[in-house]
Amino acid sequence: MARSAGTVTWHWLTSRAFTTDMAYEHKEIEKKWREEWRKRGTYRVANDPARPKYYVLDMFPYPSGAGLHVGHPLGYIASDIVSRYKRHKGFNVLHPMGYDSFGLPAEQYAIQTGQDPAKTTEVNIMRYREQLDNIGFCFDWDREVRTSDPAFYKWTQWIFIQLFHSWYNAEAGRAEPITTLIGRFEAFGFSGIDRRKLTGDEDMEAPTFTAEEWKGFSETQREAVLQHFRLAYRSEAWVNWCPALGTVLANDEVKDGVSERGGHPVERKRMPQWSLRITAYAQRLLDGLDQLDWSESIKEAQRNWIGRSEGALVKFPVVGSDEVVEVFTTRPDTLFGVTFITLAPEHVLVDKLVTAERRAEVMAYVAEAKNRSERERQADVKRVSGAFTGAYVKHPFTGQDVPVWVGDYVLVGYATGAVMAVPGGDQRDWNFATHFGLPIIAVTEGADITKEADERKDATLTNSGFLDGLKVPQAITRAIQELENLGRGEGRINYRLRDAAFGRQRYWGEPIPVYYENGLPRTLPEERLPLELPAVDKFLPTEDGEPPLARAKDWTFRVVGPSGVEDHPLETTTMPGWAGSSWYFLRYMDPGNMERFASPEAIDYWHQVDLYVGGSEHATGHLLYFRFWTKFLFDRGWLPFDEPAKKLVNQGMIQGISMMAKVTVDRSSGMERYLVLPKEKHGTSGAFDRNYLIDHVTFKDGRYYIDEEGAARTRAKEATFREFHLDAPVVELTPVVEKMSKSKFNVVNPDDIIERYGADTLRLYEMFLGPIEQSKPWDTNGIEGTYRFLRKFWNLFHGAEDAFTVNDEAPTKPELKVLHATLKKVSEDIERLSFNTSVAQFMIAVNELGSLKCNKRSVLEPLTIALAPFAPHIAEELWQKLGQTDSITTAPWPAYDESHLVEDSFSYPISFNGKTRLQLEFPIALDPKSVEEQVLANPEVQARLEGKAPKKVIVVPKRIVNIVV
RNA sequence: GCCCGGGUGGUGAAAUGGUAGACACGAGGGACUUAAAAUCCCUUGGUCCGCAAGGGCCGUGUGGGUUCGAGUCCCACCCCGGGCACCA
């Protein structure tokens, strides 16, 4: 983008034409090796138990129509370097790539254009593949997976079926076949106490029954019970319904009350819905984090998402009714401070409890609260609203009547959807009580409840009967004890985590392998998988709101039974985007397997992912489901490990620099006339920001401008009804760092960079930009440095007229020092994924070897191997020129030898009170005592001491001397 | 509000508690060249003193602290990025 692109290109082409000594021809070299590697199958990986393995995985991309921009490959380059490095170190490295190819954009495009998403996805994948190939990754493409490929999603469906036929045995702490549960029912029935031991679904409304009753149940009755236990189940659930997309969205697909993709409004609706019981795994998902080498921020995000809180379930019997209001509280110690109960507006008991005289008011409030969007509720945090139901519950300890209110500060989706209000101890309850004039009781010593609630967790209880004088933690334990004695409650751990909605009213996803027989869900037999996506005439929901699959002809499953041939309707919803990505890492291990998702041998060999690289935006979505499915497959004996990835690295985002101008638009002539304003006119009314295409911008002295030529080019590219003019001959533009996106005109395409500088330069530059985990703006200006570096590296091997001049002379001491210092630094840096500093070290090495005029094989050969993971094309070319016939990728990593780095002497910085004043050189071997003596004897030191004796002298060998005066 | 990151030259950045600013971009100067490109050399945190060689002072968001010594450790605060949020 920098200087006017046209000018640079011209110079570059002409220099190529007239010079002979600059012969690093990246285009030829890279093309040659791309073909050669393909021909030789250099990157093919075999499952070879004789060799140690290393599994490096990238989060696979969704192949969008826009193609790759320079931000996408950042993580892939990093993982590619590690893969190649580990290969040099003797590991058998699995480094695969594939496509997360089901998704909403393809479907939206299909709806707009009528084209089959399978076809457009195929086209996008071809383009991605081409772009990825240009960068020179060492992916084994024979192992490619695509989530939308029936051969792949057959196994996604298979895992779903296993989930359906499994339940979570809380007592054993693992998932088991549903048959073990049925066995228990047949033997013991299902009683109240079993509930806590047998299922994660503690709030289930399933009735208790005896073994005899179970045996007498109809199939429908049995299935209704089992649905409370299956890990894949159908239930009525509150869902995020998006009318514009005609589909249900997961919580993390909704941002600010609109769909993340497309930005359409979303409303809360209760629908029958396939769900996965991830909540059964809440504790294990939490505990497992401790052993993972993942960034603290991701682990924290998952902990927050799971949201474990310890407390108690308290039962408040409704006065004059059989109903009981159950609340969850983390502070059962404050029970004596309860002055009212608040239900969420959506709570099922609201309708049952409200008294006749209050019904109108309460229902009006409920209707209003339900209609308020999430967004409104968020924007309006300060407003207190609620209504009294007229009903009362009995306090479990005092037996007093406690009024029941409804308030929208209580969320139906969290815990029981009801709170015991302790205005003396909880600020939100205090606000509510103050607003409605309800009593506030102080239950902690030293609380001033006239101003605010006392939420201290180290307080001492008061006004609290048998809890008086106890500190909060002891009081909590004591209160729970008492609740359990009275049968009015129990200790309870609550999780914020919800079960995952698994059905989508969409076309472009895996069909759920279920049919319905007399209304009962049945899974397809394994041999009938995959259940392939049917052809449809339109990709929209049907006129009566059925999902698109309902449009398919004969969307039924044929069963030949004793009563003859029967066609049963198939499920019409499809799986969400995260289904395939929850297990794809296993398929790479054995992608062609027709019998299993992967053979036990392949799984035993490749085991867990050793290094997983991807964006942090998947912190609570993909990465949680990924862990959940792995734990499930482990429980059921299909995997020997229960965490998918040992180490996770989140690469930062590469942002774009947008060129922002203030613009006014004049439509008076029927033509849109955009006028770009110079700085002094930015205040003009009606002026708005507009980004300019970066290659129409000129760069001078660190500032960006658009001139008449740029305006003319913009004009040429724009729609015919739009004109661009400048309000001054040259207008300065403001660079703004933003997400790279087509609409912001700030996308940099890797293909363009590769065309001009080569893939090796691109790879080096992306690594050189800064630490891998950090987000940073892309600025093509700096790329010259890495390009220059590669040319200097090339020139170490070549003399005038591009003659290959490497010789077999013995290396000198300084040459060996440069080499081994570089090998040491680079080896250590790759291990800790510090690629930017590795590149810097290579630059130092090349600069120093250049000064030393070193063209010796014994130095350059190991250096070439070390550079190969970063810049594989040039390294392979030079390797061949060095006379090697095997690919450089098979060369063993050159070990560094510390002996070349040993110095005889060290130049000590001599500091006074920590401030460096002079340098004195001493032999390394000299003991600290002698160093001190010699330093103090030095005339300059003496002069600085002005005859005074130093208070103290600190000598740190090979580091520093500090004189305290 | 809570939880994670992070604040270092004009810019991207580097620095096991031990010489802050490696490496690179940009900028300035010079060599080569008819000219340009490419290449090479020098300067480049701020400021002050000096003709110069050289030297002084300040400097890693702010204010304290620990230490012989702090970008790094501790406390408080400010700002930026990300995540979560009437979470009971």
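Side-chain atoms are counted along with the backbone in the values below, which use heavy atoms only and exclude waters and symmetry mates. So that the names make sense, note that chain A is the first sequence line, chain B the second, and so on, each numbered from 1.
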**Q** Side chains of A:F768 and A:M843, heavy atoms from C-beta outward: is any pair under 4.5 Å?
**A** yes

**Q** Given atom CG of A:N650 and atom P of B:G82, what is their separation to the nearest angstrom?
**A** 15 Å

**Q** Work out how far the C1' atom of B:A15 is from that of B:A70, and round it to whole angstrom.
**A** 13 Å

**Q** For atom P, what is the distance between B:U19 and B:G69, given to the nearest Å?
**A** 15 Å

**Q** I want to know whether A:W778 and A:Y765 have ring centres closer than 6.0 Å.
**A** yes

**Q** For residues 420-429 of chain A, which residue pairs qualify under salt bridge (Lys or Arg N to Asp or Glu O under 4.0 Å), counting only residues two or more places apart or in two chains?
**A** A:D426-A:R428

**Q** Assign A:N847 to base, sugar-phosphate, or nothing according to its heavy-atom contacts below 4.0 angstrom with the strands shown.
**A** sugar-phosphate

**Q** So, is B:G61 syn or anti if syn means the angle is within 90° of 0?
**A** anti

**Q** Under a 3.5 Å limit for both distances, which nucleotide forms a Watson-Crick or G-U wobble pair with B:G26, could you say?
**A** B:U44

**Q** Tell me: CZ of A:R498 to C1' of B:C87, nearest whole Å?
**A** 10 Å

**Q** For B:A14 versus B:C25, give the span between their C1' atoms, rounded off to a whole number of Å.
**A** 15 Å

**Q** Given atom CG of A:L497 and atom C1' of B:A85, what is their separation to the nearest angstrom?
**A** 16 Å

**Q** If you compare every side-chain N and O of A:R791 against the phosphate oxygens of B:U39 (OP1, OP2), does one of them come in below 4.0 Å?
**A** yes

**Q** Would you give a per-nucleotide map of nucleotides 57-72 of chain B, 5' to 3', where B means the base has a protein non-hydrogen atom under 4.0 Å away, S means only the sugar-phosphate does, and - means neither?
**A** SS---------BS---

**Q** Does A:R791 make a cation-pi contact with A:F793, if we ask for NZ or CZ under 6.0 Å from the ring centre and within 45° of the axis?
**A** no

**Q** What residues, two or more places apart in sequence or in another chain, satisfy side-chain contact (heavy atoms from CB on, under 4.5 Å) together with A:A78?
**A** A:M767, A:I772, A:F835

**Q** Can you name the side chain to side chain donor-acceptor pair (under 3.5 Å) partners of A:K457, sequence neighbours left out?
**A** none

**Q** Pick the nucleotide of RNA chain B nearest each of A:I298 and A:R428; which residue has the one closer to the 5' end?
**A** A:I298

**Q** Only pairs at least two apart or in different chains count here, so list each salt bridge (Lys or Arg N to Asp or Glu O under 4.0 Å) that has a residue in residues 827-849 of chain A.
**A** A:K86-A:E831, A:K824-A:E828, A:K825-A:D829, A:D829-A:R832

**Q** Using atom CG of A:D408 as one end and atom P of B:A88 as the other, report the distance to the nearest whole Å.
**A** 17 Å

**Q** Can you find a pair of side-chain heavy atoms, one from A:I783 and one from A:Y787, that are under 4.5 Å apart?
**A** no

**Q** Checking all strands, does A:K958 fall into the base, sugar-phosphate, or nothing category for heavy-atom contacts under 4.0 angstrom?
**A** nothing

**Q** Just N and O in the side chain of A:R496: are any of them under 4.0 Å from OP1 or OP2 of B:A85?
**A** yes

**Q** When rounded to the nearest Å, what value does the distance between P atoms of B:U34 and B:C42 take?
**A** 25 Å

**Q** Could you state the atom-to-atom distance from CE of A:M653 to C1' of B:G6 in whole Å?
**A** 15 Å

**Q** Would you measure the distance from the P atom in B:G71 across to the matching atom in B:G64 and give it in whole Å?
**A** 15 Å

**Q** Grab the CD-P distance between A:E452 and B:C86 for me, whole Å please.
**A** 21 Å

**Q** Can you list the residues that meet the salt bridge (charged side-chain N to carboxylate O under 4.0 Å, His left out) rule with A:R308, with sequence neighbours excluded?
**A** A:E310

**Q** Roughly how many Å apart are B:G9 and B:C23, using the C1' atom of each and rounding to a whole number?
**A** 14 Å

**Q** Return a single string for nucleotides 8-17 of chain B, one symbol per nucleotide in 5' to 3' order, where B is base contact, S is sugar-phosphate-only contact and - is none, cutoff 4.0 angstrom on heavy atoms.
**A** ----BSSSB-

**Q** Tell me, please, which residues at least two apart from A:Y414 pass ring pair (Phe, Tyr, Trp, His ring centres under 6.0 Å).
**A** none

**Q** When the C1' atoms of B:G28 and B:G83 are compared, how many Å lie between them, rounded to an integer?
**A** 46 Å

**Q** Once you apply the 3.5 Å cut-off to both distances, tell me the Watson-Crick or G-U wobble partner of B:G18, or none.
**A** B:C68

**Q** Could you check if a side-chain atom of A:Q655 sits within less than 4.5 angstrom of a side-chain atom of A:N746, using non-hydrogen atoms only?
**A** no

**Q** Quick one: look up who B:U34 pairs with, Watson-Crick or G-U, both distances under 3.5 Å, and put none if it's unpaired.
**A** none

**Q** Listed by chain and number, what are the salt bridge (charged side-chain N to carboxylate O under 4.0 Å, His left out) partners of A:K792, not counting sequence neighbours?
**A** none

**Q** Could you tell me whether A:R788 contacts a base, only the sugar-phosphate backbone, or nothing, with contacts defined as non-hydrogen atoms closer than 4.0 Å?
**A** sugar-phosphate

**Q** Whole angstroms only, please: what is the CH2-P distance between A:W305 and B:G82?
**A** 17 Å

**Q** Of the candidate nucleotides B:C23, B:A88, B:A20, which contains the atom at the shortest distance from the side chain of A:T916?
**A** B:A20

**Q** Please report the distance separating the P of B:G55 from the corresponding atom of B:C4, rounded so that it comes out in whole Å.
**A** 47 Å

**Q** Taking atom C1' of B:A38 as reference, at what distance in whole Å does atom CG of A:D802 sit?
**A** 14 Å

**Q** Just jot down the side-chain contact (heavy atoms from CB on, under 4.5 Å) partners of A:E300, sequence neighbours excluded, or say none.
**A** A:E296, A:R303, A:N304

**Q** Which residue lies toward the 5' end of RNA chain B, A:R944 or A:G782, if each is placed at its nearest nucleotide?
**A** A:G782

**Q** Excluding sequence neighbours, so at least two apart, what forms side chain to side chain donor-acceptor pair (under 3.5 Å) with A:K952?
**A** none

**Q** Below 3.5 Å between N/O atoms, which protein atoms pair up with nucleotides 1-3 of chain B? Just atom names and distances, please.
**A**
residue	atom	partner	partner atom	Å
B:C3	O2'	A:E300	OE1	3.1

**Q** Sort out the partner of B:C2 for me: Watson-Crick or G-U wobble, both distances under 3.5 Å, none otherwise.
**A** B:G83

